[in-house]
Every structure is written in structure tokens, then in C-alpha cells.
Amino acid sequence: EHKFWKTQPVIQTVASSSSSASEPAEGPIDPPRTVESVRKDPLALPSGYEWSTIDITSPTQLRETQQLLSENYVEDPDASFRLGYTDEFLRWALGPPGYVEDWHIGVRVKGSGKLIAFISGIPMDVGVRDNSFKAAEINFLCAHKKLRNKRLAPVLIKEVTRRVNLKGIWQAVYTAGVVIPTPISTCRYYHRNLNPAKLVDIGFTPIGRGETISRLVRKYALPTAPLTPGWREMTEADVPVVATLLRRYMQRFEMQQVFATDDEVRHWFLSGRGTGDTVEGRGREGQVVWAYVVEDPSTHTITDFMSFYSLPSLIMKHPTHKSLNTAYAFYYASDAVPESSHSARDTPEDKARLGVRLNALMKDSLIVAKQAGFDVFNALSLMDNNLFLHEQLFGPGDGYLVSLLQSNEATAHGYVSCFRVVRQNYYLYNWRCAPIDGARDSWKTK
Ligand code: YNC
Ligand code: MG
């Protein structure tokens, strides 16, 4: 069992809660090391393959990576949907301030040069309870379908670890649909239907007995323009105040991405906005991230911030529909929380006040996403999302499409069937810590 993972500095077993007094403190699992002690030469690959660092500023190399992922990355169990990362998305996700080119790692076939595997890291500051540390966020681990079950993944993981260690960084964060040793947190996906006719047509939303498309259309109908006074697109000038609002809000959670610099805020919320002209309500050509603020019309104070990103899924088995246009809730912040509050210490009044605000923000996000042509809006059960998921008609991903098709109850609750990753498991590498309740967790994977 877990021949590879049992050799790694990860939490191996969940400690029993009764023994918490005798538990070691939160912190690194491995003893401290120096960069000099890190091996200098790359891990050995099976013969016929070679390492190849991917330069994300090269359109050709970006395209090769996009191609590998679009044919071989995460899909649902019957291969109906596959995550459809675009070139623009990869440039955004892999290129934050201070990114290390060396951490974008490809494997090619010697001779032909064909890219057959990939893994990436980006630098990230992580906060876990009372600690914060530099880490790598590991993502986009992918091996070509013909090279599965050959123990290539452990080689990729060890190589990215080596390259991260060479920069004096000893911790990492990552998420996966699979359960390996040992999740520190688990979140569930929720889906909000924006385009009932299409979602039914492609088999994403089941239509129960006694249900009709027109009833679903009525149920999920939205106004055509945002409702909150002062809601507008975030601009460059908003970066410092959004950064302040976000840093304060993130302290509510037990584990977070720390936005240490304003440049990171600028990157994550403004750089992925595409280059083309805005088509009224429909976004720009190649737009990945969508970010909004609420500016109080009388005081001109920025009171709230909201964002989501676009990650389409490829529809594999439908004659006409090829892409499911999916928006994913990203970071948000609001001043409707007490100063230096923690979500676990909210009073019922705090929760009620914040709930009103977040419902308004999410509703406006759904409205702009619908206007921009998104079919479905996804959100995880983390941060303060539980305050709006139900009211905004999000349904939990279930993954059991067939059984849902027979179940009236499911559609009555507005459930939308899930895209493979029903749950997202959160992991830390070389960091021991007690489990974190999903809702206390606010680091968003892409
Ligand atoms: C996975 N997703 O358990 P054991 S998520 C981690 N994350 O090891 P083989 C995984 N480990 O159990 P295959 C994993 N999937 O024997 C498998 N493993 O100890 C482990 N899918 O290797 C697995 N992308 O090469 C087992 O498996 C060992 O051929 C088996 O390849 C796996 O990006 C994979 O879902 C994922 O392309 C490449 O299935 C392949 O199946 C594939 O025989 C479709 O590997 C795409 C997909 C995964 C998306 C993601 C996060 C990855 C995190 C990796 C861990 C990072 C650790 C921190 C490193 C830096 C440290 C510092 C400092
Ligand atoms: Mg393999």
C-alpha cells in the first residue's frame, strides 16, 4: 500500500483525537536541511525519455503543454468530460510573480521530442493557523494515457521536490481527487445551473420525473444586470485596497494563501483578463479571471471584492456541444466582518450580516457569468461559501449520474450532477498539522 507515499514526509496516519495533548506541535516533518545537501543531478527517467523544462513564455511550448493536458488530464469516470485548460489559463496559473521556470517540468520522448508528461510548481506563501511559510503549489501532474501505471508519477514528484528544495523551499501544497496519505482537509464541489437546456442536453443535469426544461429555466432564471449599487469591474487602481481587504478577510480561515505582495493580487485578479475588447457583458477574448468590487456610491469606499475564473470542460460524447463553459468561484472579501475575526468565532449576528452581503455578491457573480455565456458556476464548500450555496441554488456534486436520473428528489433539490471531482482533498508536504475543517480552509486550487 502506497509504496511511494509511505516513503515521503507527509502525515501517514490520522492521530486519534483523544491523544491531542501528546501530539507533536505543528511544523515540518523532516529535520531541517540545507540547499547544499540537495542532489544536483536530475532523477533518472526510464530510457528513451528526457527532462524538458517548459518555457511558458514560448507559445509553442505552452501549446504543447495545453495539448498534453487537453488529451490526458482529469476526466470523469466514463470519460464524458475532461478539464479543458486553455493556453491563456496556463500562462496565468503558471506565471505568478516570482515563478520559477525550472519548476515547469516536462518529459519528452528522446528523438521525436513528443511531450508525454508534465508537473508544475509555483511559489506561494501559505498560512496554517499560527504559522506561515514559503511553499510550492504543485499542480497539473499528468502522464500520457499510454504511460499510466508505470510508476512515472513518483519520479515526476521527486524531481519537482528536488527543484523546489534547490530554492530552499521545503514545503508544498496540492489538491487531488484521489485519497493518498493524508488529506488535511476535504471539500465538496457544488454546482449552480445557469443554462438548464444545455446542461440537460449534455447529460450534466438529470431531468427527473415530473420535471420539465421550462420549469428548470424558471427556477434558475436571473436578472440581466447586477443588482448591488456600486458593483463594477476591478481596476488597476483598486489593487492596494483589494489587497488590504483580502488579507484581512483571509485571517478568518485556518489555512490560507497569503497574498504577501500587491503584485500577487494584481496577477491573480487582473492579469488573466484577456486582451481583446469587451463585448457588452461577454468578457474579453481569452479572459480567464473575472474580478469585481463594490464601491459605496456615497463614500467611494471599496466594501467588497468578488472573483471567479473560467475553466471550460471538454464535452467528449456529444454530437454538437463541445465545451461546457464553467465558472469557478475564486477569492472574495468583504468588510462585513468584525476586525481580526475568525470564522469559528462569528456570532449568529455576524454570520447573518455576512450572509446577506455574500448572497448579494454571489448573485451578482451569477448574473454576470450568465450574461457572459457561462453554463454552470462551481464552488467548493470552503471559506464562507456555506452562507450562500443553498440560497443561490447550488447543488452538491454527486457523481452518480445514473442513479440521479431515477431520483426525483435530486432534481427537486436542484442538484446538478458532478464533474468527476466530487471532493477535493487538500494536502501539505512536509508539514504536520491537525486536520482542518473544510470551511476553515481558504486556499483555492486552480
Ligand atoms: C496524484 N494525483 O498513489 P503510491 S492532481 C499524488 N497525486 O503512489 P504511477 C498520486 N500522487 O500510492 P499513474 C496521484 N495520482 O503507490 C497517483 N499518485 O504510494 C501516486 N491522470 O504512480 C499513487 N492528474 O505513475 C501511487 O500512476 C503512484 O500512471 C503511482 O500516474 C498518475 O496535479 C497520474 O488526475 C496522476 O495523468 C500522472 O494518472 C495519471 O496513474 C494522470 O504508476 C490524469 O502515484 C490527470 C490527473 C492529477 C491532478 C495534481 C496534484 C499533484 C500533487 C503531487 C504531489 C506533490 C507533492 C509535493 C512535491 C513538492 C515537495 C516540496 C517541497
Ligand atoms: Mg506511470
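In what follows, every heavy atom counts, from backbone to side chain, and hydrogens, waters and symmetry copies are set aside. Counting convention: from 1, in listed order, for ligands and their atoms alike.
Note: Y309 OH to F269 CZ = 11.5 Å, rounded to the nearest 0.5 Å. Taken from CG in L324 to CZ in F204, the straight-line distance is 5.5 Å, to the nearest 0.5 Å. Note: S334 OG to L354 CG = 6.0 Å, rounded to the nearest 0.5 Å.
Near T175, meaning under 4.0 Å from any of its heavy atoms, are these atoms of ligand 1: 5 (S), 50 (C), 51 (C). Close contacts of ligand 1 with A143, meaning ligand atoms under 4.0 Å from a residue heavy atom, involve 37 (O), 38 (C), 42 (C). Taking every non-hydrogen atom of Q171 and a distance limit under 4.0 Å, the qualifying atoms of ligand 1 come out as 63 (C). Listed by atom number, the atoms of ligand 1 under 4.0 Å from A172 heavy atoms are 58 (C), 60 (C), 61 (C), 62 (C). Close approach of ligand 1 to N165 (heavy-atom distance below 4.0 Å) involves ligand atoms 63 (C). Near K150, meaning under 4.0 Å from one of its heavy atoms, ligand 1 places the atoms 43 (O). The V74 neighbourhood of ligand 1 comprises atoms 35 (O), 46 (C), 47 (C), with distances under 4.0 Å to a heavy atom of that residue. Close approach of ligand 1 to N149 (heavy-atom distance below 4.0 Å) involves ligand atoms 13 (P), 29 (O), 43 (O).
Put simply, no part of N430 is less than 4.0 Å from ligand 1, judged by heavy atoms. The shortest heavy-atom distance from A136 to ligand 1 is not under 4.0 Å.
Of the heavy atoms in L156, none comes closer than 4.0 Å to ligand 1. Residue-level proximity to ligand 1 for V164 is carried by the side chain, the only part with a heavy atom below 4.0 angstrom. Residue-level proximity to ligand 1 for N72 is carried by the backbone, the only part with a heavy atom below 4.0 angstrom. Contacts between E1 and ligand 1, counted as non-hydrogen atom pairs separated by less than 4.0 Å, are absent for every part of the residue. Looking at Q8 against ligand 1, nothing comes within 4.0 Å, counting heavy atoms.
Pairing each heavy atom of I138 with each of G121, the nearest pair is CD1-CA, 4.0 Å. Closest approach of H342 and Q251 over heavy atoms only: CD2-O, 4.1 Å. The shortest non-hydrogen separation linking N425 to V178 is ND2-O, 3.3 Å.
The closest heavy-atom contact to atom 11 (N) of ligand 1, among the options Y174, F4, W5, W170, comes from W5. Evaluated by nearest non-hydrogen atom to atom 41 (O) of ligand 1, the leading choice among K158, R162, R148 is R148. Closest to atom 58 (C) of ligand 1 by heavy atom, among W431, Y429, Y427, is Y429. Remark: among candidates V10, V178, L83, L428, the nearest residue to atom 14 (C) of ligand 1 is V178, based on non-hydrogen atoms. Taking each of I180, N425, L141 in turn, the one with a heavy atom nearest to atom 3 (O) of ligand 1 proves to be I180. The heavy atom nearest to atom 8 (O) of ligand 1, out of those in Q424, H2, K3, R151, is found in R151.
Heavy-atom neighbours of K198 NZ from other residues, nucleotides or ligands within 6.0 Å: above the threshold of 12.
The pair R163-E101 fails the salt-bridge criterion, with no side-chain N (NZ, NE, NH1 or NH2) lying under 4.0 Å from an Asp/Glu carboxylate O. Between R266 and E236 there is a salt bridge, with a side-chain nitrogen of the basic residue lying less than 4.0 Å from a carboxylate oxygen of the acidic one. With respect to the salt-bridge test (charged N to carboxylate O, under 4.0 angstrom), the residues R162 and E159 qualify. Comment: R357 does not engage D384 in a salt bridge, judged by the lack of any side-chain N to carboxylate O separation of less than 4.0 angstrom. Salt bridge annotation for E50-R108: absent, with no cationic side-chain nitrogen under 4.0 angstrom from a carboxylate oxygen.
Aromatic ring orientation, Y85 versus F89: perpendicular (interplanar angle above 60°, classes split at 30° and 60°). Ring geometry for H104 against F118 counts as tilted: the plane angle lies between 30° and 60°, on a 0 to 90° scale.
Residue A153 places at least one N or O, backbone or side chain, under 3.5 Å from an N or O of ligand 1. In terms of polar-atom proximity, L152 is counted as a contact of ligand 1, with an N or O under 3.5 Å from an N or O of the ligand.
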